[in-house]
S.K.: 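What follows is a single structure, and I will ask about it in a moment.
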Amino acid sequence: MTTSEQPIDPELENGAVMAELFGAIGFQITDEHSYNSLVEFIDGNGTRTRAQRGEASLHGRCWKIGDGLEVWSVLYERGSEFYYADCRPAFRSRYVRSILPWELVEYDEDGEAIVQGLLQGGPEVIFELQNLTEINQSIFRESHLHIALAGLAYTAYIMPNSDSIPADKQSRRFELAEKLEELADDACENDYLISGSVLAWRDLHNPVTDSRLVWAYIDAGDIRLEILINRDALRGEIKIGAGLSANIWLQGHILVDADIFARYEGVDREYEMGDFWNKLRRGN
């Protein structure tokens, strides 16, 4: 290809936000050079996919690091125009969810797509779609989508003395940051404040940077959500039953049947039998 490729400037548009979020998966993006070096590495080493958009093409590059950690870059091509549109961190979460109804908004020249919809048995969510170029585009004719959803944490902290408070009495929140006065000015449209009790957690390791990460599964009342946190950004000692609060960037992937079958691990023992019967009851 004889067209030119323009590097991403992390100070432009959402680049600064992405540079900050890379810390959640263990990468320290400190300047324009490190940002663009990462983009170029992914272009040469990531799995390549493509989605056609009229006269334009989106070229996806996904670098799978392990344990669900990924980095995505997107190149935009239209005629003689060809440039890196975006680079962002990603995490493929463990649990499968259904969303109905849903709406997809694409920003093709920015290499982005946002999904908004209602989770089955949960709240409405807005999240960055990571694998737009990876899936068969016919899936967007479906009335509902199967998705994997997780939050990448900017910051997180363990609420003091929360382990002595019963889980059902702990503070629980899942709110768009744009609607909160203290966070609205700098928030992305898919930023959330989440707080709730820790149902499960485990240490993760980025094998490329040797960074220590934490995967946590949080009960925030209306939603149970996986979040990924850099150990250096977590204040306090995490433990099951503790209360955790975090500012997160919500992202996810659309799943096909093969993805769903690969995630099946048997019956979820965290649920009581009565939880299933309650879903079958109807009001008078």
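Nothing fancy with the numbering, it's 1 onward along the sequence.
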S.K.: When you compare the side chains of Asp210 and His205, does any donor N or O come within less than 3.5 Å of an acceptor on the partner?
M.R.: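 On atom types as modelled, these side chains qualify, holding a pair under 3.5 Å.
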S.K.: Look up atom CD in Glu103 and atom CG in Leu118, then write down how far apart they are to the nearest 0.5 Å.
M.R.: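 If I round to the nearest 0.5 Å, the distance is 13.5 Å.
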S.K.: For Tyr192 and Phe174, what are the C-alpha separation, side-chain angles and deciding distance, and is it a side chain to side chain contact (heavy atoms under 4.5 Å, CB included)?
M.R.: CA-CA 7 Å; Tyr192 284 84; Phe174 181 70; 3.6 Å; yes
S.K.: Under 4.0 Å between a Lys/Arg side-chain N and an Asp/Glu carboxylate O for Glu106 and Arg53?
M.R.: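 Yes, Glu106 and Arg53 are salt-bridged.
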S.K.: Using every non-hydrogen atom in the two residues, find where Met159 and Ser171 come nearest and quote the distance to one decimal.
M.R.: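 Looking at all heavy atoms of both residues, the shortest contact is CE-O, 4.3 Å.
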S.K.: Is Asn230 reaching over with its side chain to a backbone N or O of Gly23, donor-acceptor style, under 3.5 angstrom?
M.R.: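 Such a contact is found between Asn230 side chain and Gly23 backbone.
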S.K.: Could you go through Trp201 and Val214, starting from their C-alpha distance and side-chain angles, then the distance that decides it, and tell me whether this counts as side chain to side chain contact (heavy atoms under 4.5 Å, CB included)?
M.R.: CA-CA 7 Å; Trp201 73 275; Val214 174; 4.2 Å; yes
S.K.: Taking the side chain from Gln251 and the backbone from Phe91, do they hold a donor-acceptor pair closer than 3.5 Å?
M.R.: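 The answer is yes, because a donor-acceptor pair under 3.5 Å joins these two groups.
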S.K.: Strictly by modelled atom types, are Thr49 and Glu134 linked by a side-chain donor-acceptor pair under 3.5 Å?
M.R.: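 Per modelled atom types, Thr49 and Glu134 side chains form no pair under 3.5 Å.
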S.K.: Please name the residue in the list Leu104, Ile139, Asn136, Leu132 that meets the side-chain contact (heavy atoms from CB on, under 4.5 Å) test with Ile254.
M.R.: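 Among the candidates, only Ile139 passes.
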S.K.: Hydrogens and angles aside, do Glu128 and Trp249 bring a side-chain donor and acceptor to less than 3.5 Å of each other?
M.R.: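 Trp249 and Glu128 do not have a side-chain donor-acceptor pair below 3.5 Å.
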S.K.: Check this for me, if you would: do Asp203 and Arg231 make a salt bridge, where the nitrogen-to-carboxylate-oxygen distance has to be below 4.0 angstrom?
M.R.: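 Salt bridge: yes.
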S.K.: Less than 4.5 Å apart, any side-chain heavy atom of Leu75 and any of Phe82?
M.R.: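 Leu75 vs Phe82: side chains touch.
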S.K.: What pairs meet the side-chain hydrogen bond (donor to acceptor under 3.5 Å, both in side chains) rule with one or both residues in residues 141-153, with sequence neighbours excluded?
M.R.: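 Every side-chain hydrogen bond (donor to acceptor under 3.5 Å, both in side chains) pair that includes a residue of residues 141-153, provided the two are not neighbours, is Ser98-His146.
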S.K.: How far does CD of Glu40 sit from CZ of Arg61, to the nearest 0.5 angstrom?
M.R.: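 Between atom CD of Glu40 and atom CZ of Arg61 there are 13.0 Å.
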S.K.: Which distance, rounded to the nearest 0.5 Å, do you find between the CZ of Arg78 and the OH of Tyr76?
M.R.: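 The CZ atom of Arg78 sits 5.0 Å away from the OH atom of Tyr76.
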S.K.: When you group the ILVMFWY residues by side-chain heavy-atom contacts below 4.5 Å and let the links chain together, are Ile114 and Leu100 in the same group?
M.R.: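 No, no single cluster joins them.
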S.K.: Got a donor-acceptor contact below 3.5 angstrom from the Ser211 side chain to the Gly26 backbone?
M.R.: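 Confirmed, Ser211 side chain pairs with Gly26 backbone.
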S.K.: Who passes side chain to side chain contact (heavy atoms under 4.5 Å, CB included) against Ser34, sequence neighbours left out?
M.R.: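 Ser34 satisfies side chain to side chain contact (heavy atoms under 4.5 Å, CB included) with Ile29, Thr30, Asp31 only.
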S.K.: Is the distance between the ring centroids of Phe41 and Trp63 under 6.0 Å?
M.R.: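 Centroid distance Phe41-Trp63: below 6.0 Å, so yes.
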S.K.: Side chain of Arg48, backbone of Asp43: donor and acceptor closer than 3.5 Å?
M.R.: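 Confirmed, Arg48 side chain pairs with Asp43 backbone.
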S.K.: Take Leu58 and Asp108 through the side chain to side chain contact (heavy atoms under 4.5 Å, CB included) test and state the conclusion after the steps.
M.R.: CA-CA 7 Å; Leu58 298 177; Asp108 292 340; 3.8 Å; yes
S.K.: For Leu193, what are the other residues in its hydrophobic cluster, where any two members join if their side-chain heavy atoms are less than 4.5 angstrom apart?
M.R.: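 Hydrophobic cluster check, Leu193: joined to Leu180, Leu183.
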S.K.: Side-chain contact test, heavy atoms from C-beta onward, threshold under 4.5 Å: evaluate it for Leu152 versus Ile248 and give yes or no.
M.R.: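 No, side chains not in contact.
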S.K.: Could you give the distance from OG (Ser195) to CZ (Arg173), rounded to the nearest 0.5 Å?
M.R.: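 Separation between the atoms: 6.0 Å.
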S.K.: Checking Gln130 side chain against Pro89 main chain: does a donor-acceptor pair fall under 3.5 Å?
M.R.: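 Between the backbone of Pro89 and the side chain of Gln130 there is a qualifying donor-acceptor contact (under 3.5 Å).
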S.K.: Hey, does the side chain of Asp67 reach the backbone of Leu69 with a donor-acceptor pair shorter than 3.5 angstrom?
M.R.: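 No: the side chain of Asp67 does not pair with the backbone of Leu69.
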S.K.: Report yes or no: do Asp191 and Tyr154 form a side-chain donor-acceptor pair below 3.5 Å?
M.R.: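 A donor-acceptor contact under 3.5 Å links the two side chains.
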S.K.: Which label fits Phe140 and Trp102: parallel for a plane angle under 30°, tilted from 30 to 60°, or perpendicular past 60°?
M.R.: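 It falls in the tilted class, 30° to 60°.
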S.K.: Testing Ile126, Ile227, Val125, Leu176 one by one against Leu250 for a side-chain contact (heavy atoms from CB on, under 4.5 Å), which residue passes?
M.R.: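 Output: one option passes, namely Val125.
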S.K.: Does Gln120 have more than 12 heavy atoms from other residues, nucleotides or ligands lying within 6.0 Å of its CD?
M.R.: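 No, CD of Gln120 has 12 or fewer neighbouring heavy atoms, counting only those of other groups under 6.0 Å.
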S.K.: For the pair His253 and Trp72, name the ring-plane relationship: parallel under 30°, tilted 30 to 60°, perpendicular over 60°.
M.R.: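 Tilted: the ring planes of His253 and Trp72 meet at 30° to 60°.
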S.K.: For Lys179, does the NZ atom have more than 12 heavy-atom neighbours from other residues, nucleotides or ligands under 6.0 Å away?
M.R.: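 Not buried by this count: 12 neighbours or fewer within 6.0 Å.
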S.K.: Distance from Asn131 atom CG to Cys62 atom SG, nearest 0.5 Å?
M.R.: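 Those atoms lie 8.5 Å apart.
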S.K.: Under a single-linkage definition using a 4.5 Å side-chain heavy-atom cutoff for Ile, Leu, Val, Met, Phe, Trp and Tyr, are Val256 and Phe127 assigned to the same hydrophobic cluster?
M.R.: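 Linked, Val256 and Phe127 end up in one cluster.
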S.K.: Show the numbers, then the answer: is there a side chain to side chain contact (heavy atoms under 4.5 Å, CB included) between Leu119 and Ile223?
M.R.: CA-CA 9 Å; Leu119 286 179; Ile223 188 173; 3.7 Å; yes
S.K.: About how many Å separate CD of Glu55 and CD of Glu77, when rounded to the nearest 0.5 Å?
M.R.: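 Here the interatomic distance stands at 12.0 Å.
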S.K.: Judged by atom type as modelled, is there a donor-acceptor pair below 3.5 Å linking the side chain of Gln52 to the main-chain atoms of Gly54?
M.R.: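 It does hold such a pair.
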